[in-house]
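In what follows, a structure is listed as structure tokens, so that the remarks can point back to it.
These numbers come from a predicted model, not from an experiment. Within every chain, numbering begins at 1; the chains are lettered A, B, ... in the order of the sequence lines, protein sequences first and strands thereafter.
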Protein chains: 2
Amino acid sequence: MNRFLSHAANRIDAKGRVSVPSAFRSVLSDGGVRELYCFQDFVFPAISVGGPELLDRFEKQMAAEDPFSSEANEMSLLVHGGGVFVKLDPEGRLMVTDFIRDFTGISTDVMFVGRGDYFQLWEPQAFVKAQAVAREGRKSRGLRPD
Amino acid sequence: MNRFLSHAANRIDAKGRVSVPSAFRSVLSDGGVRELYCFQDFVFPAISVGGPELLDRFEKQMAAEDPFSSEANEMSLLVHGGGVFVKLDPEGRLMVTDFIRDFTGISTDVMFVGRGDYFQLWEPQAFVKAQAVAREGRKSRGLRPD
DNA sequence: CTCATTCCCATTGACGCCCATATGGTCCCA
DNA sequence: TGGGACCATATGGGCGTCAATGGGAATGAG
């Protein structure tokens, strides 16, 4: 099952590092991913993380537009200016930089959240709340999984 | 991964110099770029910076049009009149001239913003705001990463 | 001669790579 | 079935290297 599933919180150490859950690392190495593309999510206060093909997808989308349009420029501001490649250390940890902290509100712990073909970094409390909101929304709309 | 990504703010020193982030310098040297072409961006209050091929691209585009058209004239006014070559000092720093300050509002700190095949210099606050606007626009238009 | 720019060197703080420890779970065997 | 060895993961910290920054000296222009 080569998808990012479930969620788990890990603690940030004194040097600002956090272990990526083993299950997520397995998915990455199965996919031959050595370098991770991270970007500030468009919808949630979270960092989305996946392989470089994520960025490729965005760039294809932008290439289809007029490169001088303000639409394409704004998209690039998010995708390029709001994105970064990171790699894990030999133990499978990543540095929690200000790039991540400022956008998510993360301070001492990181919630890793599977999203299928990518995963996200959340401030733990924020994730719990957002999930509760999502659950309520679905319930009031009538419970059907589709 | 030969692209300009992410954003980072560096401080201008007493002599008016600022360090270009190491990651950006790596992209430049990988591309064999020794001289940088800078121009006043068409869309944002920022200076765009890249290799000389950036200027070549603009000139090719102008050459494809009628050289006396108002389009081509305006483009030359921006690309040639609003552009300049600069080079980095041995430590990888660039001088923040009035050319840069006046157009961007930069005073004490410079935000370096990756834009894929080039990067930009922003006044830090202005970048944060522009990115927030871009994100709002995307959200309200309801577009998802795929 | 004076001011601005360029080059060179020093400092400090952050980051990457390495190894060590703890904790919890699983498997094997008596 | 219970105990214990084994293993994988998460976590902590030492240390070397490099990046960002500051300042002095040399160079060149007006």
Side-chain angles (χ1 to χ4, degrees), chain A residues 1 4-30 33-38 47 49 84-102 106-114 119-124 127, chain B residues 1 4-30 33-36 38 49 84-102 106-114 119-124 127:
Chain A
M1 194 48 63
F4 297 101
L5 288 181
S6 185
H7 63 270
N10 282 343
R11 155 171 278 275
I12 299 176
D13 70 18
K15 295 168 96 171
R17 303 169 298 186
V18 66
S19 293
V20 174
S22 170
F24 287 7
R25 293 195 320 251
S26 300
V27 176
L28 291 171
S29 66
D30 285 359
V33 175
R34 299 216 153 264
E35 213 165 18
L36 300 174
Y37 171 66
C38 310
I47 301 292
V49 184
V84 64
F85 280 121
V86 304
K87 45 187 196 313
L88 304 183
D89 75 9
E91 287 77 36
R93 293 177 285 197
L94 60 84
M95 280 293 303
V96 184
T97 60
D98 286 343
F99 176 89
I100 295 173
R101 293 178 192 267
D102 293 346
I106 288 170
S107 57
T108 64
D109 295 80
V110 177
M111 181 71 84
F112 290 84
V113 179
F119 65 90
Q120 293 180 323
L121 314 180
W122 284 73
E123 197 287 313
F127 169 69
Chain B
M1 188 286 282
F4 296 100
L5 285 183
S6 187
H7 63 268
N10 283 343
R11 167 175 298 274
I12 300 175
D13 70 17
K15 293 181 174 180
R17 303 170 297 185
V18 66
S19 293
V20 174
S22 170
F24 287 8
R25 292 193 325 249
S26 300
V27 176
L28 291 171
S29 66
D30 285 358
V33 175
R34 300 214 153 267
E35 208 166 21
L36 300 174
C38 309
V49 184
V84 64
F85 280 116
V86 304
K87 50 185 195 308
L88 303 183
D89 75 9
E91 286 77 37
R93 293 179 281 199
L94 60 83
M95 282 292 304
V96 183
T97 60
D98 285 342
F99 173 86
I100 295 173
R101 293 177 191 267
D102 293 345
I106 288 170
S107 57
T108 65
D109 295 79
V110 178
M111 182 71 87
F112 290 84
V113 179
F119 64 91
Q120 293 180 322
L121 314 180
W122 284 72
E123 196 287 313
F127 169 69

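Rounded to whole angstrom, the span from the CG atom of B:D13 across to the P atom of D:dA19 amounts to 18 Å. Rounding to whole angstrom units, CG of residue A:D109 and C1' of D:dT11 are separated by 13 Å. Residue B:L88 contributes atom CG, which lies 14 Å from atom C1' of C:dC7 at whole-angstrom precision. Between the CD atom of B:E91 and the C1' atom of C:dT5 there is a distance of 14 Å, given to the nearest Å. Atom-to-atom, CE of B:M95 to P of D:dG22 comes out at 14 Å; the value is rounded to the nearest Å. Rounded to a whole Å, the CG atom of B:D89 is 15 Å from the C1' atom of D:dA26. A:L94 has its CG atom 13 Å from the P atom of C:dC15, to the nearest Å. The distance between atom CG of A:N10 and atom P of C:dT23, rounded to the nearest whole Å, is 16 Å.
Here the nucleotide nearest the side chain of A:R93, chosen from C:dC18, D:dA20, C:dC8, is C:dC18. Of the candidates D:dT21, D:dA20, D:dG12, the closest approach to any side-chain atom of B:R25 belongs to D:dA20. Distances were taken from every side-chain heavy atom of A:K15 (C-beta onward) to each of D:dT21, C:dC17, C:dT5; the shortest belongs to C:dC17. For A:R11, whose side chain is taken as the heavy atoms from C-beta onward, the closest listed nucleotide among C:dC17, C:dG16, D:dG12 is D:dG12.
Phosphate contact (OP1/OP2 of C:dA4, side-chain N/O of B:R17, threshold under 4.0 Å): absent. Regarding contacts with the backbone of D:dA19, a side-chain N or O of B:S22 is found under 4.0 angstrom from either OP1 or OP2.
Taking OG of A:S107 as the reference point, atom CD of A:E123 lies at 6.0 Å (rounded to 0.5 Å). Put simply, CZ on A:F24 and OG on A:S6 are 6.5 Å apart, with the number rounded to the nearest 0.5 Å.
Within the 3.5 Å criterion, the main-chain N or O of A:K87 finds no donor-acceptor partner in the side chain of A:R34. Without hydrogens or angle criteria, B:D89 side chain to B:R93 main chain gives a donor-acceptor distance under 3.5 Å. Of the possible donor and acceptor atoms, none in the side chain of B:D109 sits under 3.5 Å from a partner among the backbone N and O of B:A9.
Within the nucleic acid shown, A:V86 has no heavy atom closer than 4.0 Å to any nucleic acid atom. Here B:V18 lies out of heavy-atom contact (under 4.0 Å) with every strand.
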